[in-house]
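Keep in mind the model is a prediction, meaning the values are calculated, not measured.
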Amino acid sequence: MKPSHLAVSSRPSSRVTVPVVALALAGLAMTGCAPSTSDNSSKEDEKSGKLRVWLFQEVNNAPKKKVIDEAVAGFEKEHDGTDVEVTYIPIDTRAQKIKAAFNDPKSAPDVIEFGNTDTAGYVKDGGLMDISKEIGAWGDSTNIDPTAKYSLTIGGKVYGVPLFVGVRALYYRTDVFKELDLEPLATQDELIATAKKIRSERPDLYGLAVGGAYTYGAMPFIWANGGDLADEKGKFGSNEYEAAIDSADAQKGVKAYTSLFGNDNCPAAKCAQWGGNDTVEAFASGKAAMAIGGDFSRQAIEAGKVKGKYKVVPLPGVKKGEIAPAFAGGNNLGVLKSTSHRTIAVDLIKTLAGKKTQRELYDAMGFLPTFTDVRGDIAHKDAFVKPFVKTLNDSAKFVPASPGWAAIDAQLVLPTMFQEIVSGRKSVPAATQDAAKKMDEAFEQ
C-alpha cells in the first residue's frame with residue numbers, strides 16, 4: 001500500500017535470519033502458497049483489443065490521472081488496435097473488489113495496482129500472473145530497488161513491477177532546536193533523551209510525536225536493536241514463519257519505543273490511540289518538535305504551521321553513524337492470470353511503471369521512483385529527498401512476505417501490543433509473547 005497507511009529475528013533456534021535486501025538480490029522469496037481460488041488462467045494471448053486497468057484513487061487524483069493518461073496515449077500509439085480503459089478504485093475497498101475479480105474473469109481487469117504488502121495474499125488467492133520471464137528480460141529491471149523487487153518475489157517467481165516506494169525518516173523543528181541549543185541526533189538514545197528534554201523545557205510541545213497504532217513508526221526501533229518481526233523457518237523458500245516479536249532484541253526495541261509514551265514526551269492518554277497520520281498532523285500543526293514521517297508526508301507538513309521551519313534526517317540507529325532500518329512501503333502493478341492479453345498487458349505495466357512515468361509521477365504526486373538511477377537524479381536536484389533515499393539505499397526492510405501478514409495487520413496485533421504496554425496493562429515480555437502467539441496463528445492459517 002501507499003506507505004502512509006501503509007522482517008524477519010533472533011529468537012533462539014536453528015534458523016538463520018538474512019537481511020531482506022540479500023534475499024531480494026538472491027531472487028528468493030518468503031512465501032509460495034497454493035491458490036485458494038479456482039484456476040482462471042487464460043490460454044489466449046491476443047496481441048490487440050481492450051485492456052482494462054484498475055488503479056487506486058488518490059485524495060487528489062487529477063495529477064496522477066494526467067500522468068497516466070499521457071502514458072496510456074503513448075502506449076496506444078505504439079500498439080495499433082489496442083484500447084486501454086483505466087478505472088480508479090477506492091483504496092479502502094480494494095481487497096474485496098480485487099478478490100472478487102479473481103473469481104470473475106469476465107468482469108476482471110487485465111492490470112491492477114496493489115499495495116506491496118498485498119502481494120503474497122493475492123498470489124495465494126491465485127489471482128496474479130507469474131511474469132518472471134518477461135521481467136527478467138526487461139533491461140530496466142536491473143535498476144529496480146532490491147527491496148521493491150523483494151515485495152514482488154514469491155516462491156522465486158515475480159508477480160509484477162513496482163510503481164513507487166516510500167520510506168520514513170525524522171522530521172524536526174529547526175526553530176525549536178535552535179532555541180534550546182540542541183545538537184543533531186546521532187543515536188537512538190540521544191533521540192529519546194532529546195525528545196524528553198524538549199518536553200521538559202517546552203511543555204506546550206510533544207518532544208517526539210509517537211502513536212500506539214503507528215506500527216510502521218515503531219518498526220525502526222525494533223530493527224535498530226537487532227530484533228525482527230518473524231523468522232523464516234528452515235531453509236530459504238520454506239514459506240513458513242515463526243513470530244520473533246518476543247525475542248530479546250525485539251523486546252529491547254519495543255521498550256525503546258514505548259518509553260516515549262508518558263507525560264515526559266507524548267502522554268499515553270493521548271498518544272496511545274494515534275496512528276501515523278495523527279503524529280504527522282501533530283508536527284504539521286506545530287504541536288510536536290519531532291515526528292517520524294514519510295517522504296509522502298511532505299505536502300501535509302508544507303501546508304501546516306511549520307513550513308520553512310523544519311528539516312529531515314534519517315532516523316538514527318543504536319550506534320553513532322547507523323541509520324535505523326525503515327519499512328519500505330509502496331505500490332505495485334500486476335497482471336491478472338485471467339487476462340487474454342498477456343503480452344500487451346505486460347508491455348503496459350512496463351510503460352506505466354517505467355522510468356519516464358515514475359519520474360513524472362514524482363513531479364506530479366511526490367511518489368518516490370523505484371529505479372535507483374532515477375531516484376538518485378531526483379535526490380541530486382531536491383535536497384528534501386536525500387534522507388529518504390539514503391534510508392532506502394542503506395537500511396530499508398520489508399515485512400514477512402506471507403499471506404498471514406495481512407491478517408496480523410487487520411487484527412491490529414502490534415498496535416494492541418503497544419497499547420497494552422503503554423497503558424500498563426501488560427509488561428513488555430507478556431505483551432510481546434501474546435502478540436507472538438497471535439502472529440503464529442496467522443502464519444499457520
Side-chain angles (χ1 to χ4, degrees), residues 1-6 20 23-24 27 29-32 53-58 64 67-68 71 86 88-89 91 94-95 97-99 101-102 108-132 134-136 138 140-141 143-167 296 327-337 339 345-355 357-358 361-362 365 367-372 374-375 392 396-403 405-406 409:
M1 298 233 26
K2 189 173 179 177
S4 57
H5 308 357
L6 309 127
V20 165
L23 285 174
M30 301 180 74
T31 202
V53 180
W54 287 359
L55 301 180
F56 289 160
Q57 175 89 30
E58 307 296 335
K64 179 179 180 178
V67 172
I68 296 299
V86 180
Y88 292 89
I89 66 172
I91 294 175
R94 75 193 187 285
K97 190 173 181 67
I98 290 174
K99 289 193 177 184
F102 291 165
D110 301 274
V111 169
I112 59 168
E113 178 179 356
F114 55 97
N116 61 5
T117 58
D118 292 331
T119 309
Y122 290 166
V123 171
K124 174 178 179 287
D125 290 335
L128 294 177
M129 179 179 287
D130 170 13
I131 55 172
S132 305
E134 291 93 336
I135 301 307
W138 185 28
D140 285 351
S141 68
N143 293 127
I144 294 176
D145 181 285
T147 310
K149 283 183 182 178
Y150 174 80
S151 77
L152 284 158
T153 308
I154 309 297
K157 299 176 181 178
V158 178
Y159 290 90
V161 292
L163 180 62
F164 67 85
V165 68
V167 73
F296 42 85
F327 168 70
N331 287 3
N332 302 325
L333 295 179
V335 176
L336 267 64
K337 273 187 176 181
T339 183
V346 174
D347 284 349
L348 178 61
I349 65 172
K350 289 192 290 187
T351 295
L352 297 181
K355 292 184 178 183
T357 308
Q358 286 200 16
L361 281 172
Y362 173 77
M365 303 292 294
F367 294 164
L368 273 183
T370 63
F371 294 100
T372 54
V374 176
R375 203 162 63 207
L392 282 167
K397 298 195 76 169
F398 196 62
V399 297
S402 162
W405 178 254
D409 205 23

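- Listed for the Asp130 side chain is a donor-acceptor partner under 3.5 Å among the backbone atoms of Ser132.
- With values rounded to the nearest 0.5 angstrom, Phe398 atom CZ is found 9.5 Å from Trp405 atom CH2.
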- Might you work through the ring-ring contact (aromatic ring centres under 6.0 Å, His included) test for Phe56 and Tyr88, ending with a clear yes or no? CA-CA 5 Å; Phe56 289 160; Tyr88 292 89; 10.0 Å; no
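- Of all heavy-atom pairs between Leu336 and Met129, the closest is O-CE, 3.6 Å.
- Leu392 CG to Leu368 CG: the interatomic distance, rounded to the nearest 0.5 Å, is 6.5 Å.
- Counting heavy atoms from C-beta outward, Val53 and Asp110 have side chains that stay 4.5 Å or more apart.
- Once rounded to the nearest 0.5 Å, the distance linking NZ of Lys355 with CG of Asn143 reads 3.5 Å.
- In this structure, Phe164 and Met365 have side chains that are not in contact, with every pair of non-hydrogen atoms separated by 4.5 Å or more.
- Remark: Gln358 engages Thr370 in a side chain to side chain donor-acceptor pair (under 3.5 Å) (not counting sequence neighbours).
- Counting heavy atoms from C-beta on, the side chains of Thr119 and Ile154 come closer than 4.5 Å.
- Salt-bridge annotation for Asp145 and Arg375: present, with a side-chain N of the basic residue lying under 4.0 Å from a carboxylate O of the acidic one.
- Of the charged side-chain nitrogens involved, at least one lies within less than 4.0 Å of a carboxylate oxygen, so that Asp118 and Arg94 count as a salt-bridged pair.
- Rounded to the nearest 0.5 Å, atoms CD1 (Ile112) and CG (Asn332) are 9.5 Å apart.
- Between Trp138 and Val161 there is a side-chain heavy-atom pair separated by less than 4.5 Å.
- Lys149 places a side-chain N or O within donor-acceptor distance of the main-chain N or O of Ser141, the cut-off being under 3.5 Å.
- Contact annotation: the side chain of Lys99 approaches that of Asp125 to within less than 4.5 Å [non-hydrogen atoms, C-beta and beyond].
- In this structure a side-chain-to-backbone donor-acceptor pair under 3.5 Å is missing from Thr339 to Val335.
- Leu333 CG to Glu113 CD: the interatomic distance, rounded to the nearest 0.5 Å, is 6.0 Å.
- Contact of the Leu361 side chain with the Lys64 side chain is registered, since non-hydrogen atoms from C-beta on lie closer than 4.5 Å.
- Here the side chains of Tyr122 and Tyr159 are not in contact, with every heavy-atom distance at 4.5 Å or above.
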